[in-house]
Amino acid sequence: MTIDKNFNPAAIEAKWFAHWEESGAFRPERPDAEPYTIVNPPPNVTGNLHIGHALDNTLQDILIRHARLQGKDALWVVGMDHAGIATQMVVERQLNERQDKRTNYTREEFIEKVWEWKEESGGQITQQLRRLGCSMDWANERFTMDEGMNKAVLKVFVDMHKEGLIYRDKRLVNWDPGLKTAISDLEVETREINGKFWHFSYPLEDGSGAISVATTRPETMLADMAVAVHPKDERYTDMVGKMVRLPITGRLVPIITDDHADPELGSGAVKITPGHDFNDFDVGKRAGFAASEMLNMLDGEGRVVQTSDGLIPDEYIGLYRFGKEGEATNARKMVVEAIDALGLLENVEDRVIQTPFGDRSNEVIEPWLTDQWYVDAETLAKPAIDAVRGGDIKIVPKSWEKTYFNWMENIQPWCVSRQLWWGHRIPAWYGPEIHKNHIMKRTGDDEQPYNTEMNPTIFVAETEVQAIELASRAYQKKNALPNDSKVQVVRNQQESFESILPAIWRDDDVLDTWFSSALWPFATLGWPEETPPWNGEVARSDGGVPPVDRAQGSLRSHPSTTSGGPPPRSGAELLARHYPNDVLISGFDILFFWDARMAMQGLHFMGEVPWKTLYLHGLVRAADGSKMSKSKGNTVDPLGLIDQYGADALRFFMAAMESQGRDIKMDESRVEGYRNFATKLWNAARFAQSNGIGASTTLRAPEAKLAVNRWIIGETQTALDKLNAAFEELRFDGMADIVYHFVWDQYCDWYLELIKPVLSPLPFRGGAGGGASQPNSDSADKPHPNPSPEGEGLDVAETREVAGWVLDQILVMLHPFMPFITEELWHEMGPRSYDIIHAKWPEPRADVDAAASAEIEWLIKLVGEVRTAKNELGIPPGTKMDAFVRDASDATKARLQSQSAALARLARLENVSTDDAPDGGSIQLVVDEATFVLPLEGVIDLGSERARIEKAIAALSKELAGLDGRLGNANFIERAKPEAVEKARADHAEKAAEVGRLQAALARLG
RNA sequence: GGACGUAUAGCUCAGUGGUAGAGCACUGCAUUGACAUUGCAGGGGUCGCAAGUUCAAACCUUGCUACGUCCACCA
């Protein structure tokens, strides 16, 4: 097999992903290996892959593939989120397009439509994640509304209700009039808008004057229940306790004192509308109003409704709060006009107002008094705070800890009920509160059905049958019903009306989507059941990892991969092995929404943290630094980038740019650069292949004799050590940087160049130089036969072995970042009995050979000096020159001997002689102790060479001056670390000597 | 009002006490044996400002400025 001349990412991506997935490669069974687990943040079923997913999932795949290569039992849980509001909106929008609407259907019918939509067009993102190369456990894909998740959700709700951690309460919620549901604090986004500040004059009832109040929400005055002033505000001392006659409604309300009133603001008096303002609600409670007494003047869509005291004039009923498109008038406008007409409008100021918006609907949030379900987050937060404080959860980067603590320590009750149809329906049933005589009476007559609004009794249970049992027991106990009365399943009031037992009916609301995703780290692993997976299928029945050849003690011998075959995957075992998860990768934007809630629920139900490390990454921003958004039209489609540059390039970009604690600015030229990097690797492999280099057979570094081979083995070990350290610290940018430079600079630019003279000692074109003659080959792709004499045969064999071994290490090290090209080249380089996805992470166990390193570094320096000098003197790079060396040590002489072929090839130094250089113009190069003299034979201007050397002397002198300054400072000598002083002295001596040699060279030039 | 982050080459970013690096861009040179999605060489930065600590500061401390983000009930 020959590697194609051109690297075509698209072809290999499709091929390898299909192969991996079909062969079950993403979930090798390694029951004896150390588990490693990541759960993927379930993307919305409505979602498409955006650039943020590309970052998030690339980072996870790097860790998972790395763990897999390390032989761990790596599990990456994947699934989708039902995304309550978003999904319901999508399906409703589709209905609207057909002049249809949700309310034309029953709840069951509508939900059926959502499921249909989900099956047909939902979850496109799962295909898109595959294009990115994500090695998730696709065979066990989950859904936050699948059967298993539903069981988990029900148990959690019921248990927490029993413990008092979930309760129902009537209070102000953030109500979204667009979506007509309550939402949580986190889903509210405060924005600044240009508004007004209206100053009203409220007349006192006794006619003794008026009190001035100011508001940004004039329409809410229809439900005002008080006017508050600060207790210490002496301006109003006399008025406190008096009554105000409100304009328009004529309602009589008291002037009260409350610390909330700010004497500095407006007149210092503030109108109090407990039913439509969070502050006023608290003031109202302090003033003694019960929640049930607080006046409500709006319906769920933000239209005026009559308050319970019936004081709002009819013409206001039905108007929107502050107008909707197409509305001629609205409550705000009418209220202001009416007050103005009464002469009670004092003035109107322009003012920037902090206004709450629903993050999905973009509607202004209305604080609204309703019954909702709440989670006692404060109680749950405590263990989650301790877990981070005590180090059971490590947050990376650490700077986010403070934000986490700040939020958790001030956490508010979490409103989890949503007035939607799509979601986990709340497992609560209601029954009317009734008494014995009431029942007796009802059993006989045919009165109206129960008033369900009246004090319902709540029964929380996992199933309706259980709820009925609870209800039955409760009523029997409370009402002393005869013990022989039968428990009947009653589904509606009419039915119960005919029975002795009361009807119960289920709560209409569903749970916040985040309620179920908070259980993701353990509910996806089988909790609360201990049986096989929910979907009833045995995980990946089509077989596991192909058998691997363990015979050779080589890369193939993967300790943790045994035979293929269907893996046992019991819930209990899964949970025990994979909980806690190892790391969670998440954007900081969902730290509160998701991460914190997983921490709380995991600790509560599992008694252990959900993950040991929480890694938070930033946002991917547009090239100009702005946030990407569909509405701005500045999004970058990751699939487009994959089409253009390949998935490997995009992934490498994400890794390279992921620096802890920082956002990523999109920079397409860097994606292109990493595509070029992939091409470079591709061509290096082609070169290797065409020179008879193939797959290695050993995990350990091969034995080598040649300095260049000993050097690259040491470099491989060094690069690997650095890479391992970067993985340890989750430094993705560091990982990418290390691999990139090792491959390109060390392996390609130097090593492959340096072994060319060994592998094919060709004569220079048209040159008279030695070397075995090699007939011009017509194909670069053919392996060159080794034409060398006997002794060189061993060198060639060794070099091929080392070059192939290093290339294999590169492919494995690079695989987590660039899975596709590495898998392709892995197989192209030779027959393999297993895929690179299951290879073993490098363990060269090689020592760095100091002597070999020194020799190659010397060689690199000398070659560099020659090239630079030629460049600066305008000598064509291909010009062959002879060299005469002065003051060379024996070691240098030996190196000149052993590296003569490399010097000839890379520096075009034909002969290096230790004889005295002939008189005349020459290039003078100082490398370490030796000076190399390259006669120019009048080719160039002596003045140029003189100038070049003077420039070098000047640069060195500047450094010397700095060192002189330090060494001349007594404080430095006395107080600096001895190593620093020693190093300064050594540097000084070395540079001084080099200046001396350059000056001598200059002198020789005459 | 709190909290956090960022400020380093033209651009995008690394660099956590010993006189600054990468990628892209730029300049010059190179074109039959891996690669122009290339090679070789080069130019380019008083590390936001100020003060302090230190023998020594891009790096530690404090203050300031600019930009960004999150949290918070200012009607």
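Numbers restart at 1 for each chain; the letters A, B, ... are given by sequence-line order, proteins then strands.
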**Message:** Quick one, A:Ile875 and A:Ile923 - any side-chain contact, counting heavy atoms below 4.5 Å?
**Reply:** yes
**Message:** Taking only the C1' atom of each, what is the distance from B:A66 to B:A50 in whole angstrom?
**Reply:** 15 Å
**Prompt:** OP1, OP2 of B:A56 versus side-chain N and O of A:Asn969: anything below 4.0 Å?
**Reply:** no
**Presence of A:Lys402 side-chain N/O under 4.0 Å of B:C4 phosphate oxygens OP1/OP2** = yes
**Prompt:** Partner of B:G23 by Watson-Crick or G-U wobble geometry, both contacts under 3.5 Å, or none?
**Reply:** B:C11
**Prompt:** Is B:A3 paired to anything, Watson-Crick or G-U wobble with both distances less than 3.5 Å, and if yes, which nucleotide?
**Reply:** B:U69
**Prompt:** Does A:Trp744 put a side-chain nitrogen or oxygen below 4.0 Å from OP1 or OP2 of B:G39?
**Reply:** yes
**Prompt:** Which one, B:U37, B:G42, B:U12, comes nearest to the side chain of A:Thr679?
**Reply:** B:U37
**Prompt:** On a whole-Å scale, what distance lies between the P atoms belonging to B:A20 and B:C47?
**Reply:** 11 Å
**Item:** B:A34 base / A:Lys756 side chain donor-acceptor hit below 3.5 Å
**Value:** yes
**Item:** Length of the CZ-C1' vector between A:Phe592 and B:A3, whole Å
**Value:** 10 Å
**Asked** Within this structure, what is the CH2-to-C1' distance between A:Trp400 and B:U69, rounded to whole angstrom?
**Response** 7 Å
**Prompt:** Quantified in whole Å, what is the C1' atom distance between nucleotide B:G28 and nucleotide B:G44?
**Reply:** 15 Å
**Request:** Specify the separation, in whole Å, of atom OH of A:Tyr404 and atom P of B:U69.
**Result:** 25 Å
**Item:** Ring-face cation of A:Lys756 near A:Phe687 (centre distance under 6.0 Å, axis angle within 45°)
**Value:** yes
**Prompt:** Base, sugar-phosphate, or nothing for A:Tyr674, non-hydrogen atoms under 4.0 angstrom?
**Reply:** nothing
**Request:** Give A:Gly962 one of three labels, base, sugar-phosphate or nothing, depending on what nucleic acid heavy atoms sit under 4.0 Å from its own.
**Result:** base
**Item:** Whole-Å C1' distance, B:C13 and B:G17
**Value:** 23 Å
**Message:** Go nucleotide by nucleotide along RNA chain B from the 5' end; which of A:Phe7 and A:Ala976 gets its closest nucleotide reached first?
**Reply:** A:Phe7
**Request:** Report the nucleotide, chosen from B:G18, B:A75, B:G23, that has the shortest atom-to-atom distance to any side-chain atom of A:Thr216.
**Result:** B:A75
**Message:** When the C1' atoms of B:A9 and B:G21 are compared, how many Å lie between them, rounded to an integer?
**Reply:** 10 Å
**Request:** Mark yes or no for a side-chain to base donor-acceptor pair under 3.5 Å between A:Asn871 and B:G28, with no hydrogen or angle criteria applied.
**Result:** yes
**Whole-Å distance separating the CG atom of A:Asp745 from the P atom of B:A14** = 20 Å
**Fill in**
By nearest-nucleotide position on RNA chain B, the 5'-leaning member of A:Phe687 and A:Thr868 is A:Phe687
**Item:** Within 45° cone and under 6.0 Å: A:Arg670 NZ/CZ vs A:Phe653 ring
**Value:** no
**Proximity of A:Phe677 and A:Phe652 rings by center, below 6.0 Å** = yes
**Prompt:** NA contact type, A:Arg867, heavy-atom cut-off 4.0 Å: base, sugar-phosphate, or nothing?
**Reply:** sugar-phosphate
**Prompt:** Starting at NE2 of A:His741 and ending at P of B:G15, how long is that distance when rounded to a whole Å?
**Reply:** 14 Å
**Item:** Atom C1', compared across B:C55 and B:C64: separation rounded to whole Å
**Value:** 29 Å
**Item:** Shortest side-chain distance from A:Lys977, nucleotide among B:U38, B:A72, B:G18
**Value:** B:G18
**Prompt:** So do A:Trp198 and A:Glu349 actually touch side chain to side chain, heavy atoms under 4.5 Å?
**Reply:** no
**Item:** Nearest to side-chain heavy atoms of A:Arg670, which nucleotide of B:U12, B:U69, B:C55
**Value:** B:U12
**Item:** Atom C1', compared across B:A58 and B:U8: separation rounded to whole Å
**Value:** 7 Å
**Request:** Send over the distance from A:Asp733 CG to B:U16 P, rounded to a whole Å.
**Result:** 11 Å
**Watson-Crick or G-U wobble partner of B:U38, both distances under 3.5 Å** = B:A30
**Prompt:** When we call it a touch if two heavy atoms are under 4.0 Å apart, what does A:Met657 touch: a base, just sugar-phosphate, or nothing?
**Reply:** sugar-phosphate
**Asked** Can you tell which of B:U38, B:C55, B:A75 lies closest to the side chain of A:Asp277?
**Response** B:A75
**Asked** Where the side chain of A:Arg351 is defined as all heavy atoms beyond and including C-beta, which of B:U54, B:A75, B:A3 is the nearest nucleotide?
**Response** B:A75
**Message:** Need one value for A:Ser659: base, sugar-phosphate or nothing, where a base atom within 4.0 Å counts as base even if backbone is also close, heavy atoms only.
**Reply:** sugar-phosphate
**Watson-Crick or G-U wobble mate for B:G52, both contacts under 3.5 Å** = B:C60
**Asked** When you compare B:C67 with B:U61, how far apart are their C1' atoms, in angstrom units rounded to a whole number?
**Response** 23 Å
**Request:** Tell me whether the OP1 or OP2 atom of B:G39 has a side-chain N or O from A:Lys680 closer than 4.0 Å.
**Result:** yes
**Message:** Taking atom types as they are modelled, would you say the side chain of A:Glu753 forms a donor-acceptor pair with the base of B:A34 within the 3.5 Å cutoff?
**Reply:** yes
**Prompt:** Nearest of B:U69, B:G18, B:A34 to any side-chain atom of A:Phe972?
**Reply:** B:G18
**Asked** Does the B:U6 base have a donor-acceptor partner in the side chain of A:Arg662 within less than 3.5 Å?
**Response** no
**Request:** Using a heavy-atom cut-off of under 4.0 Å over every strand shown, decide if A:Ala261 touches base, sugar-phosphate, or nothing.
**Result:** base
**Item:** Pairwise side-chain contact, A:Tyr615 with A:Gln660, heavy-atom cut-off 4.5 Å (strictly under)
**Value:** yes
**Message:** From CZ of A:Phe653 over to P of B:C24, roughly how many Å is that when rounded to an integer?
**Reply:** 14 Å
**Request:** Decide yes or no for A:Glu658 and A:Leu55: does some side-chain heavy atom of the first lie under 4.5 Å from some side-chain heavy atom of the second?
**Result:** yes
**Request:** Could you check whether A:Asp749 gets within reach of a base, just the sugar-phosphate, or nothing at all, counting any heavy atom under 4.0 Å?
**Result:** sugar-phosphate
**Request:** Using a cut-off of strictly less than 4.0 Å, decide whether A:Arg731 has a side-chain nitrogen or oxygen near OP1 or OP2 of B:G15.
**Result:** yes
**Message:** In this structure, how many angstroms lie between the P atom of B:G18 and the CD atom of A:Glu979, rounded?
**Reply:** 12 Å
**Request:** Can you spot which of A:Asp259, A:Asp258, A:Asp280 makes a salt bridge (Lys or Arg N to Asp or Glu O under 4.0 Å) with A:Arg286?
**Result:** A:Asp258
**Prompt:** Is the distance from OP1 or OP2 of B:C4 to the nearest side-chain N or O of A:Thr403 less than 4.0 Å?
**Reply:** no
**Prompt:** Using a cut-off of 4.0 Å on non-hydrogen atoms, how would the nucleic acid contact of A:Gly268 be classed: base, sugar-phosphate, or nothing?
**Reply:** base
**Message:** To the nearest 0.5 Å, what is the distance between CG on A:Asp648 and CZ on A:Phe817?
**Reply:** 12.0 Å
**Request:** Provide the closest heavy-atom pair for A:Phe405 versus A:Ile385 in the form atom of the first, atom of the second, distance.
**Result:** CE2-O, 3.6 Å
**Asked** How is A:Lys870 classified with respect to the nucleic acid when contacts are heavy atoms under 4.0 Å: base, sugar-phosphate, or nothing?
**Response** nothing
